[in-house]
There are 2 protein chains.
Amino acid sequence: MSSSEVDVVVQASFTVLDTLTRSAAGHDLSLTQLRLLGILRDRTPTMAAIADHLGLDRSSVSGLVDRAERRGYVARRASADDARVTTVELTEAGRTLGQELTATVEAGVEALLDCLRPADRKRVLEIARSVTG
Amino acid sequence: MSSSEVDVVVQASFTVLDTLTRSAAGHDLSLTQLRLLGILRDRTPTMAAIADHLGLDRSSVSGLVDRAERRGYVARRASADDARVTTVELTEAGRTLGQELTATVEAGVEALLDCLRPADRKRVLEIARSVTG
DNA sequence: TATTGTTATACTCTATAACTATA
DNA sequence: TATAGTTATAGAGTATAACAATA
């Protein structure tokens, strides 16, 4: 694979990520906050699990959750099993916002893929699944 | 396209971006600094052109270039045509670092795509080109 | 002793607003 | 007047180190 071909893959990823960033910004959120809400959509993880998932230090997640909590999108809950552990969950407002974001992101990504032929759209999904692993 | 299929595309983009972020961090750079060096690889843009390319405010680019300049990777040059204009170029150290980054990123992206069959690798490049436009 | 999470600190990144210099 | 770039300011995001509470 030539270096220009790597460029193309990287540029395409930036294009998708720019779409996500704009979707988040439209709701006055950062990309990281968007990812946090995405993680909480179907989970109630511990602080450590969030850090692992986002590849961040735990202290960074403390601040991240602080700001999301201050805005009313998430809530901390003490674990019943282990008094050291804190779990994080969406509030009703957070869930509503998450659903709006999902719709916005979906529209943005679909717009990006609208230029592809049906066979290519099928293929890009297969490839994306392979990359995700 | 179902929402789970959008998820797959988004997750694949995050995977590529995480590879880039790790490549940059390995050289003690942020993703934005990596993008800046990438832009300068084959151009000598004005501050305004960098801002347009990265989708940032010009004041953000001033700080970005300040920090890169302080580390010896880029240099500002006054335009001969228009005294208001400043162009930015790589230093020798910046070019060397950029080449190292290119190699690191290339290896990382290739590792991601190693699971694909040859026909798929060809296809992903075509699709990536379409998305990039 | 080891682990979970927070706090203190420092830096990068980013935008808005106000400014200077030039066109 | 309009444009290019900077500076001042404020806030978000991030890591490191030190810490408290719990296991």
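Numbered from 1 within each chain, the chains take letters A, B, ... in sequence-line order.
Checking D:dT14, C:dA15, D:dA12 against every side-chain atom of A:R70, the shortest atom distance belongs to D:dA12. Closest to the B:M47 side chain, of the nucleotides D:dA15, D:dG13, D:dG5, is D:dG5. Out of D:dA17, C:dT14, D:dA8, the shortest distance to the side chain of B:T32 is found at C:dT14. Set against D:dA12, D:dA15, D:dA23, the side chain of A:S30 has D:dA12 as its closest nucleotide.
The CG atom of B:D82 sits 16 Å away from the P atom of C:dA21 (whole-angstrom rounding). For B:D66 and C:dC11, the CG to P distance is 15 Å, given to the nearest whole Å. Between the CZ atom of B:R76 and the C1' atom of D:dA4 there is a distance of 12 Å, rounded to whole Å. Atom pair B:L29:CG and D:dG13:C1' shows a separation of 17 Å (rounding to whole Å applied). Rounded to whole Å, atom C1' of D:dT3 lies 15 Å from atom CG of B:D81. For the pair A:R58 CZ and D:dG13 C1', the computed distance is 19 Å after rounding to whole Å. Between the CZ atom of A:R22 and the C1' atom of C:dT14 there is a distance of 17 Å, given to the nearest Å. Spacing between atom CZ of B:R84 and atom P of D:dT1 amounts to 17 Å, rounded to whole angstrom units.
Judged by distance alone with a 3.5 Å cut-off, no donor-acceptor contact links the side chain of B:R67 to the base of C:dT12. The base of C:dT7 has none of its N or O atoms less than 3.5 Å from a complementary donor or acceptor on the side chain of A:S62.
Residue contacts for A:T86: at a heavy-atom cut-off of 4.0 Å it reaches the sugar-phosphate backbone alone, with no base atom in range.
In terms of heavy atoms, B:T104 sits closest to B:H27 at OG1-NE2, 3.6 Å.
Summary of the strand contacts: A:S59 and A:L31 both lie near DNA chain D, and taking for each the nucleotide with the nearest heavy atom, the more 5' one is attributed to A:L31. When each of B:D57 and A:G55 is assigned the nucleotide of DNA chain D bearing its nearest heavy atom, the one mapping closer to the 5' terminus is B:D57.
Looking at B:D57 and B:S59, their side chains do bring a donor and an acceptor atom within 3.5 Å of each other.
Here the side chain of A:T87 pairs a donor or acceptor atom with the backbone of A:R77 at under 3.5 angstrom. A donor-acceptor pair is defined here as one N or O able to donate and one able to accept, closer than 3.5 Å; such a pair exists between the side chain of B:T91 and the backbone of B:Y73.
No option in B:T46, B:L40, B:T44 other than B:L40 meets the side-chain contact (heavy atoms from CB on, under 4.5 Å) test with B:V88.
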